[in-house]
Student: 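Next up is a structure, given as structure tokens.
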Amino acid sequence: MRRIAVVPGSFDPITLGHTDVIARAAKLFDELHVVVVHNPDKHALLPIAKRVELIESAVADLGVENIVVASWSMGLLVDYCSDVGANILVKGIRTQMDITYETPMAMVNRNLAGIETVFLMPEPGHSYVSSSLVRQVSSLGGDVRPYVPHVVADYLQGGL
Ligand code: PNS
């Protein structure tokens, strides 16, 4: 049986913390879907199509073959999982705050469809990196290269 997992998120934009978790997860599963999901609780900087494009470029640089990049705006994330035959979600955990944020989502996704969530720790050097921090630094003209794949830095620093 193929082990298919999904890494969902806003990815607005994808960071080096995300790519670190994606690279680790790609080694654990036969097929890994990185899925951009609209989160109505967050004010988005980048359109979903641009986020997908940047993820595709960043993931190509990882040199792994088993990753699919997609977006999902049709409702529950578990319905995407069911469509592609995935039964595992993967989330990155940086701090205790992430555990507090992620635990209810993991419970709900398990209750809805029996989907388990696996938590992976990124490289400690990325543990303070977040998309919101990148958006803020970028909007104020700072250098985001330490925090994001080079395609993302080029895009943000080239102007939106
Ligand atoms: O990167 P984010 O914004 O923290 O990701 C949150 C996201 C998009 C994964 C979460 O909001 C989500 O799964 N939304 C899809 C809607 C859904 O299925 N909700 C019920 C379970 S949380």
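Just follow the structure's listing: the first ligand is 1, and inside any ligand the first atom is 1.
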Student: Just so I know, are the side chains of H33 and Y80 near enough to count as touching, which here means a heavy-atom distance under 4.5 Å?
Tutor: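 SC-SC contact between H33 and Y80 confirmed.
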
Student: Is the closest heavy atom of W72 to ligand 1 under 4.0 Å?
Tutor: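 For ligand 1, residue contact (heavy atoms, under 4.0 Å) with W72 is absent.
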
Student: Checking contacts here: is it the side chain or the backbone of F11 that comes within 4.0 Å of ligand 1, counting heavy atoms only? Could be both or neither.
Tutor: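 No part of F11 is near ligand 1 at this cut-off.
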
Student: Among all protein heavy atoms in this structure, tell me which lies nearest to atom 10 (C) of ligand 1, with the distance rounded to 0.1 Å.
Tutor: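 Answer, as residue, atom name and distance: M105 SD, 3.8 Å.
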
Student: Compare N39, T117, V108, V7 and give the one whose heavy atom is closest to atom 11 (O) of ligand 1.
Tutor: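 It is N39 that holds the nearest heavy atom.
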
Student: N/O to N/O below 3.5 Å, does that happen between Y101 and ligand 1?
Tutor: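 Yes; the residue has a nitrogen or oxygen that sits under 3.5 Å from a nitrogen or oxygen of the ligand.
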
Student: Can you name the ring pair (Phe, Tyr, Trp, His ring centres under 6.0 Å) partners of F29, sequence neighbours left out?
Tutor: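 So F29 forms no ring pair (Phe, Tyr, Trp, His ring centres under 6.0 Å) with any residue.
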
Student: I would like to know whether E123 and R24 meet salt bridge (charged side-chain N to carboxylate O under 4.0 Å, His left out); could you show each step before the answer?
Tutor: CA-CA 10 Å; E123 178 68 26; R24 288 170 198 284; 3.6 Å; yes

Student: Relative to ligand 1, is D41 under 4.0 angstrom through side chain, backbone, both or neither, heavy atoms considered?
Tutor: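 None of D41 does.
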
Student: Decide yes or no on side-chain contact (heavy atoms from CB on, under 4.5 Å) for W72 and D83, but give the supporting numbers first.
Tutor: CA-CA 11 Å; W72 179 249; D83 280 2; 3.8 Å; yes

Student: Is it the case that ligand 1 has an N or O less than 3.5 angstrom from some N or O of E102?
Tutor: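 It does not: no N or O of E102 is found under 3.5 Å from an N or O of ligand 1.
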
Student: Give me the residue, atom name and distance of the protein heavy atom closest to atom 15 (C) of ligand 1.
Tutor: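 Atom 15 (C) of ligand 1 sits closest to the protein heavy atom V37 CG1, 3.6 Å.
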
Student: Between the candidates D12, L76, L89, which shows the shortest non-hydrogen contact distance to atom 20 (C) of ligand 1?
Tutor: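 Shortest heavy-atom distance from atom 20 (C) of ligand 1: L76.
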
Student: Do any non-hydrogen protein atoms sit less than 4.0 Å from atom 6 (C) of ligand 1?
Tutor: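 True for atom 6 (C) of ligand 1.
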
Student: If you have a sec, work out which protein heavy atom is nearest atom 21 (C) of ligand 1 and how many Å separate them, to one decimal?
Tutor: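 Going atom by atom, the protein heavy atom closest to atom 21 (C) of ligand 1 ends up being N109 OD1, 3.4 Å.
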
Student: So is K42 polar-close to ligand 1, meaning N/O to N/O under 3.5 Å?
Tutor: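 By distance alone, the answer is yes.
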
Student: Please list the nearest protein heavy atom to atom 16 (C) of ligand 1 with its residue and the distance rounded to 0.1 Å.
Tutor: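 Atom 16 (C) of ligand 1 sits closest to the protein heavy atom G75 O, 4.0 Å.
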
Student: So is L77 polar-close to ligand 1, meaning N/O to N/O under 3.5 Å?
Tutor: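 By distance alone, the answer is yes.
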
Student: Pairs under 3.5 angstrom only: tabulate donor-acceptor contacts from the side chains of residues 136-144 to other protein residues two or more places apart or in another chain.
Tutor:
unit_1, atom_1, unit_2, atom_2, d
S139, OG, R135, O, 3.3
S139, OG, Q136, O, 2.9
D143, OD1, R145, N, 3.0

Student: Taking N66 for the side chain and A26 for the main chain, is one N or O donor matched with an acceptor at less than 3.5 Å?
Tutor: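 Yes, N66 side chain to A26 backbone: donor-acceptor pair under 3.5 Å.
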
Student: Which ligand 1 atoms, with their elements, are less than 4.0 angstrom from a heavy-atom of S10?
Tutor: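 Answer, ordered by atom number: 1 (O), 2 (P), 3 (O), 5 (O).
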
Student: Is there a donor-acceptor contact under 3.5 Å from the side chain of R51 to the main chain of L46?
Tutor: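 Yes, R51 side chain to L46 backbone: donor-acceptor pair under 3.5 Å.
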
Student: Answer whether the closest heavy-atom distance between the side chains of L32 and V68 falls below 4.5 Å.
Tutor: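 Result no, sub-4.5 Å side-chain heavy-atom pair not found.
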
Student: Is the side chain of S131 donor-acceptor paired with the backbone N or O of P13 at a distance under 3.5 Å, no angle test?
Tutor: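 Yes, the answer is positive, given that a donor and an acceptor are paired below the 3.5 Å cut-off.
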
Student: D12 side chain to L45 main-chain N or O, any donor-acceptor pair under 3.5 Å?
Tutor: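 Yes, D12 side chain to L45 backbone: donor-acceptor pair under 3.5 Å.
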
